[in-house]
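Some notes on the structure that comes next.
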Amino acid sequence: MTLNAEILNHLEPASEDKAHTLPASLYTDPSYLNLEYQSIFESHWQLVAHQSELINPGDQVVCQVGRIPIVVVRNQNNLLKAFHNVCRHRAGPVAIENGNNKVLRCKYHGWTYTLDGDLRSAPEMSSTPNFDVCQFHLPQAQVEEWQGFIFVCVNNTPPALGDVLKGVAETIKPIDLKAMSFSHRDEYVIDCNWKVYMDNYLEGYHLPHVHPGLSKLLDYRSYDTILHEWHSYQFSPLDRNGEQNPDNFYGDGHAHYYCVFPNLMLNILPGRLQTNLILPVGHNKTKIIFDYYYSDLKSQRTKKLIAQDREFSDEVQEEDIMICEKVQLGLNSGSYEAGRLCIKRETGVLHYQNLVRLALRRSLSV
Ligand code: FES
Ligand SMILES: [Fe+2]
């Protein structure tokens, strides 16, 4: 695709002394979405499942990475594999839903693949000239596990997953993500470009103005951001100068907020993880998936915590949705091209937008 010179100027990495946002057109012009799929979603690791969904040989999870339907399986040798969920016959799906199967049988005409992605049989094809089942294989994607979470990348050269998440497990100790169990999922569809939601997550600058309830839980003065190569880390103590905070129902410790490039958030509080996955549905519509995990699902204390947590998180999310949808209207208006960033409070936004700039430039080879 060709980009006009003005956009290319905006894709130069922004330094702190001239920190400015991405241009409005990257949030409003539908023609950039395919470039973003290719250079961002299909070139970096995507969270697709939890280990509890892929325990036994034959377990399968159906998902989407960028524009590519994917099926992740545990094969007969207990290894995780990920394949394009696109049959080599006429592009039908070899799996439609999560479950357990000994093979991957296409739902269109029944071509059947092993759990290693090799075509094993194709009904009524024996009289077709020059056809040999051995020549057909489902394309593979890379799959890796981190702290019980399964990630897929469809590009062969992503940054190492260990580098992307470097230091997270150590920093949050004694919280142990591996020991967390899935509780429930909430989904939201928002009328804004996916990057509006990402930008909003990356700063605590809006806390006092958008989130009255969350402001009581966190300590804005101590709230800080640390930048890493592929993620940024925002954190705040949950107490007030060592004193118990009456608005904190989570327990002692810190709120840890990780934004992992390109579209994953890990919101970690004592005994609790909430993953947020940010997925474009179109250039101006975004799906947000909240998955909740807890270190203990059964005790009375946790049952109460889960109910409070869900209600409180939903309240905060509705506040974020309101402001993100208003920002999108501002970006659409033609009244705004780009803005300056607050270097005290918005370094996470600058860092993230520079990673977006880099990914887009790399794809365009400029
Ligand atoms: S598309 Fe898969 S068997 Fe026809
Ligand atoms: Fe917010």
Side-chain angles (χ1 to χ4, degrees), residues 60 62 68-71 83-97 101 103-114 117-128 131-133 135-139 186 188 190 192-220 223-225 232-236 255-259 263-269 274-276 278 286 288 290 309 311-328 341-342 345-349 352:
Q60 64 183 42
V62 171
I68 305 176
I70 294 285
V71 56
F83 303 107
H84 292 206
N85 189 1
V86 183
C87 179
R88 297 300 99 187
H89 175 219
R90 281 175 44 217
V94 298
I96 284 192
E97 56 191 13
N101 288 295
V103 290
L104 294 164
R105 178 167 292 122
C106 180
K107 303 297 177 272
Y108 203 176
H109 314 95
W111 284 27
T112 300
Y113 302 82
T114 67
D118 303 322
L119 184 61
R120 196 179 70 182
S121 64
E124 303 181 65
M125 288 292 288
S126 56
S127 56
T128 300
F131 178 83
D132 179 359
V133 287
Q135 290 174 343
F136 297 88
H137 313 274
L138 295 172
D186 284 331
Y188 302 85
I190 308 183
C192 69
N193 180 270
W194 67 278
K195 298 188 295 302
V196 170
Y197 191 87
M198 297 302 304
D199 294 344
N200 175 67
Y201 180 88
L202 284 152
E203 42 89 359
Y205 197 22
H206 70 276
L207 265 181
H209 308 284
V210 176
H211 300 305
L214 187 58
S215 294
K216 288 185 196 151
L217 176 70
L218 304 176
D219 182 356
Y220 186 67
Y223 195 96
D224 205 356
T225 302
S232 66
Y233 170 47
Q234 300 173 76
F235 58 99
S236 164
H256 308 273
Y257 300 123
Y258 287 95
C259 181
N263 64 333
L264 171 65
M265 296 148 185
L266 304 173
N267 301 322
I268 302 165
L269 291 157
Q274 180 201 61
T275 60
N276 302 166
I278 316 308
T286 300
I288 320 283
F290 280 17
D309 187 16
E311 189 183 330
F312 182 62
S313 298
D314 186 63
E315 175 189 313
V316 174
Q317 175 70 342
E318 290 301 334
E319 292 162 351
D320 280 325
I321 290 172
M322 182 279 295
I323 201 66
C324 285
E325 291 186 341
K326 295 286 186 206
V327 166
Q328 186 67 46
L341 290 168
C342 168
R345 292 285 182 186
E346 294 180 300
T347 53
V349 180
Y352 180 84

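Quick caveat, the model's predicted, so the values are computed rather than measured. These values consider heavy atoms only, across backbone and side chains, with no hydrogens, waters or symmetry-generated copies. Every number for a ligand or one of its atoms is a count from 1 in the order of the listing.
- The shortest non-hydrogen separation linking Glu315 to Gly213 is OE2-CA, 4.2 Å.
- Taking 2.8 Å as the threshold, Glu319 does not count as a candidate ligand of the Fe ion (ligand 2), since none of its N, O or S atoms lies below it.
- In this pair, Tyr233 and His256 present their aromatic rings parallel. The plane angle is below 30°, not in the 30 to 60° band.
- The aromatic ring centres of Phe136 and Phe131 sit less than 6.0 Å apart.
- A cation-pi geometry, defined here as NZ or CZ lying under 6.0 Å from the six-membered ring centre and within 45° of its normal, does not hold between Arg88 and Tyr113.
- For Gln135, the CD atom is densely surrounded, since the number of other residues' heavy atoms within 6.0 Å is greater than 12.
- Near atom 2 (Fe) of ligand 1, less than 2.8 Å away, sit the protein N, O or S atoms Cys87 SG, Cys106 SG.
- Taking the six-membered ring for Trp and thresholds of 30 and 60 degrees, Trp111 and His89 have nearly parallel ring planes, at less than 30 degrees apart.
- Nearest N/O/S atom of Asp320 with respect to the Fe ion (ligand 2) is recorded as OD1.
- No more than 12 heavy atoms of other residues, nucleotides or ligands shown are found within 6.0 angstrom of NZ on Lys326.
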